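Working notes, beginning with the structure itself.
Chain letters run A, B, ... following the sequence lines, proteins first and then strands; every chain starts at 1. Note that these values count all heavy atoms, side chains included, but never hydrogens, waters or copies made by symmetry. Quantities reported herein were computed from a predicted structural model and do not represent experimental measurements.
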There are 2 protein chains.
Amino acid sequence: MNIIISNSSSIPLYEQITQAIKQAIFSNELKEEEMLPSVRGLANELKISFLTIKKAYDELEEEGFIKTVQGKGSFVTPKNLELLREEKLKEIQGYVEKIKDIALVADISNEDVKEIFKIIFEEDK
Amino acid sequence: MNIIISNSSSIPLYEQITQAIKQAIFSNELKEEEMLPSVRGLANELKISFLTIKKAYDELEEEGFIKTVQGKGSFVTPKNLELLREEKLKEIQGYVEKIKDIALVADISNEDVKEIFKIIFEEDK
DNA sequence: TAACTGTTATGCATATAATATAACAGTATA
DNA sequence: TATACTGTTATATTATATGCATAACAGTTA
């Protein structure tokens, strides 16, 4: 596990950790059923509180990426391609929402936004 | 001025207010040189603290949207709306390119992206 | 049993957000 | 000039989110 976190980032530490671990799962650096670093182990490695690691792991479990068993550890959920896809769809959704906000505030019409989509998605066809 | 704010939103009240006022400026509901509601007036109307309104106005002034004069009030800065619009269009373009990259990696079809776009842009019609 | 796992509870520190209250300062006008 | 509007500033309080430290507890495995 190679996780880099930044204390000065506006993104909370536990969010940075969940993101890094998701990425490791996507890239198969963390394989199916593989055990994640222990909460205390990773906390020591990153020199932060284990409670912050726990919070990150709780979030990952909530979202179905890992499964935690008391006394044993946390393990990557058998890979669910649909789950990964959903994650990416949510990411895209976030960006579309940002676009919507910008368009709303700047009084840019849906037609104009649609036009930008069309140009970018078809430019290398 | 017709501003709707939500106390349960994760977006801070003062941000909701700056956004609403920017929108009013872009849509020309608030015209150049026009006076904004007084901090106390708007605070009473929205039933929140005038300090929250002040914070929003300070932010708007920082970004150049309005100009505040003690004793007189806050006024919409004369500006080049077309220039601002162009900036916002570029911002949107950047996000669309990010979306394209994600969709490519996650094997998400253009149709699916179009569907997300449709849902988000039409959800409150 | 020992040495790992994770869990829970408490308290502390800090930052942001939002509020209430009060006093102060500039502007316009009756 | 008095007053009623504008905005400004200072202080204190409350709530929430984030992150940490410590300690005790509980399950698993060798």
Original post:
OP1 or OP2 of dT6(D) sitting under 4.0 Å from any side-chain N/O of Ser74(B)?
Top reply: no
Original post:
What residues, two or more places apart in sequence or in another chain, satisfy salt bridge (charged side-chain N to carboxylate O under 4.0 Å, His left out) together with Glu61(B)?
Top reply: Lys67(B)
Original post:
So, does Ser74(B) use its side chain to make a donor-acceptor pair with the main chain of Leu36(B) at under 3.5 Å?
Top reply: no
**OP:** Return the set of residues passing side-chain contact (heavy atoms from CB on, under 4.5 Å) with Ser38(A) (not counting sequence neighbours), or none when no residue passes.
**Re:** Arg40(A)
**OP:** Send over the distance from Glu15(A) CD to dA17(D) P, rounded to a whole Å.
**Re:** 13 Å
Subject >> Phosphate OP1/OP2 of dA18(C) contacted by Tyr14(B) side-chain N/O (<4.0 Å) >> reply: no
Original post:
Can you list the other members of the hydrophobic cluster that holds Val69(A), where links are side-chain heavy atoms under 4.5 angstrom apart?
Top reply: none
Original post:
Listed in order of residue number, which residues of residues 29-48 of chain B have a non-hydrogen atom at under 4.0 Å from DNA chain C?
Top reply: Arg40(B), Ile48(B)
Original post:
Between atom CD1 in Ile53(B) and atom P in dT6(D), what is the gap in whole Å?
Top reply: 13 Å
Original post:
Given that Leu13(A) and Lys54(B) both sit by DNA chain D, which one's nearest nucleotide is further toward the 5' end?
Top reply: Lys54(B)
Subject >> side-chain hydrogen bond (donor to acceptor under 3.5 Å, both in side chains) partners for Ser9(A), two or more places apart >> reply: none
Subject >> Derivation of the side chain to side chain contact (heavy atoms under 4.5 Å, CB included) call for Glu59(A) and Glu15(A) >> reply: CA-CA 9 Å; Glu59(A) 192 175 303; Glu15(A) 279 291 347; 3.1 Å; yes
**OP:** Enumerate the residues from residues 56-73 of chain A whose closest heavy atom to DNA chain C is under 4.0 Å, giving them by residue number; use none for an empty result.
**Re:** Thr68(A), Val69(A), Gln70(A), Gly71(A), Lys72(A), Gly73(A)
Check residues 87-96 of chain A and write down every donor-acceptor pair under 3.5 Å in which the side-chain atom is one partner and the other belongs to a residue at least two apart or another chain.
from: Glu87(A); atom 1: OE2; to: Lys22(A); atom 2: NZ; distance (Å): 3.0

**OP:** At under 4.0 Å between heavy atoms, which parts of nucleotides 9-14 of chain C does protein reach? Answer with one letter per nucleotide, 5' to 3': B base, S sugar-phosphate only, - none.
**Re:** ------
Subject >> Which residues share a side-chain contact (heavy atoms from CB on, under 4.5 Å) with Asn28(A), sequence neighbours left out >> reply: Lys31(A), Lys79(A)
Original post:
Who are the salt bridge (charged side-chain N to carboxylate O under 4.0 Å, His left out) partners of Lys55(B), not counting sequence neighbours?
Top reply: none
**OP:** Could I get the full list of side-chain contact (heavy atoms from CB on, under 4.5 Å) partners for Asp112(B), not counting sequence neighbours?
**Re:** Arg85(A), Ile108(B), Ser109(B)
Original post:
Could you give all pairs that pass the ring pair (Phe, Tyr, Trp, His ring centres under 6.0 Å) test and reach residues 47-93 of chain A, with sequence neighbours left out?
Top reply: none
